[in-house]
*Asks:* 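Submitted below is the structure of interest, expressed as structure tokens.
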Amino acid sequence: GSMEEVSLPLYFGWFLEYTFQDKLEVMAKDFLKTLGTLEAFKKHIRDFSGEGEEETNLEQYFQHKGPLHCTTKYCNYGKAKGAKEYAEKESVRQQYGSMTKLVIGALFITPRTMGVRVLLTQDQLQLWPDDTEEKADAGPEAELPPGSRAHITLGCAEGIKPVQTGPDLLEILQLQKQGQEGEKVQDLENGPLAYYGNGIWVLSFTEPLLAPALFSSYYK
Ligand code: ACK
């Protein structure tokens with residue numbers, strides 16, 4: 001019936017608990033501040049700035065609105081493929097409104113997006129939709145396991161939509177799968193920083209962060 005279709009959200013996902021949200025935002029800002037001062041970054045500033053521009057304020061470069069979350073299923077109020085089926089899944093109904101801990105393995109930026117990679121547990125994978133774009137995005141050579149795309153968008157460049165963070169993460173994972181480790185730049189407070197070319201910077205956390213989060217949905 002139409003009632004049910006109307007009640008589908010923009011998306012389902014895990015929403016970071018408030019105090020952790022603040023903590024992650026502070027950490028991301030500190031990271032950008034540090035990155036902006038590194039000679040290695042300045043050498044590649046062209047990835048983030050126009051011709052003739054010698055500086056970029058990374059903290060202003062990435063903007064974010066709305067709650068920090070890890071999207072499981074984008075539903076677009078029922079217009080997205082598989083939205084209704086997802087909402088009716090047994091695991092979704094059962095776990096709706098419950099808390100979990102997301103494991104955050106890395107922080108990355110590209111000229112388009114900033115985000116963190118979420119490493120899903122087997123339990124959390126039950127909430128991952130079956131019809132993801134992972135295969136299509138990853139290309140024929142590099143099939144990535146389900147849930148590879150899981151991330152939290154921390155910011156986007158002007159004119160870029162948050163839907164870009166997933167493909168950006170998949171691009172990094174493909175590079176890693178092809179054996180590229182990036183050019184190790186230096187150890188930062190939380191772990192090693194590597195440059196993968198094309199404006200892709202990855203900070204791998206030596207100790208993964210544990211983020212308390214609520215499985216719920218979002219309506220604008
Ligand atoms: O950062 P995100 O995961 O990317 O969170 C936002 C959220 O839904 C609201 O826009 C994500 N999103 C938008 N469009 C899509 C899509 N087609 N597939 C998967 N996720 C999407 C976006």
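For ligands, and for the atoms within them, numbers begin at 1 and follow the listed sequence. Computation of the quantities below employed the complete heavy-atom set of this structure, encompassing side-chain atoms and omitting hydrogens, waters and symmetry-equivalent molecules.
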*Asks:* What's the spacing between Ile104 CD1 and Leu16 CG if we round to 0.5 Å?
*Replies:* 6.0 Å
*Asks:* If hydrogens are left out, which of Thr165, Val163, Leu169 has an atom nearest to atom 15 (C) of ligand 1, that is, the closest non-hydrogen atom?
*Replies:*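 Answer by nearest heavy atom: Val163.
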*Asks:* Can Thr71 and Tyr218 be counted as having a side-chain donor-acceptor contact under 3.5 angstrom?
*Replies:*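 Result is no, nothing qualifies.
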*Asks:* Gln164: heavy atom below 4.0 Å from ligand 1, yes or no?
*Replies:* no
*Asks:* Under 3.5 Å between any N/O of Tyr11 and any N/O of ligand 1: does that happen in this structure?
*Replies:* no
*Asks:* Quick check: Phe108 with His151 (ring centres under 6.0 Å apart)?
*Replies:* no
*Asks:* In the structure I gave you, are the side-chain heavy atoms of Val103 and Val118 within less than 4.5 Å of one another anywhere?
*Replies:*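 Not in contact.
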*Asks:* Is the shortest heavy-atom distance from the side chain of Leu127 to the side chain of Trp14 under 4.5 Å?
*Replies:* yes
*Asks:* With backbone taken as N, CA, C and O and side chain as the heavy atoms from C-beta onward, which portion of Lys161 lies under 4.0 Å from ligand 1: side chain, backbone, both, or neither?
*Replies:* neither
*Asks:* Is it the case that Gln176 and Tyr196 place a side-chain donor and acceptor less than 3.5 Å from each other?
*Replies:*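 Checked: Gln176/Tyr196 side chains pair up, N/O donor to acceptor below 3.5 Å.
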*Asks:* Show the atoms of ligand 1 that are less than 4.0 angstrom away from any heavy atom in His151.
*Replies:*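 Close to His151: 1 (O), 2 (P), 3 (O).
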*Asks:* Considering both backbone and side-chain atoms of Leu10, is one of its nitrogen or oxygen atoms within less than 3.5 Å of a nitrogen or oxygen in ligand 1?
*Replies:* no
*Asks:* Can you find an N or O of Thr153 that's nearer than 3.5 Å to an N or O of ligand 1?
*Replies:* yes
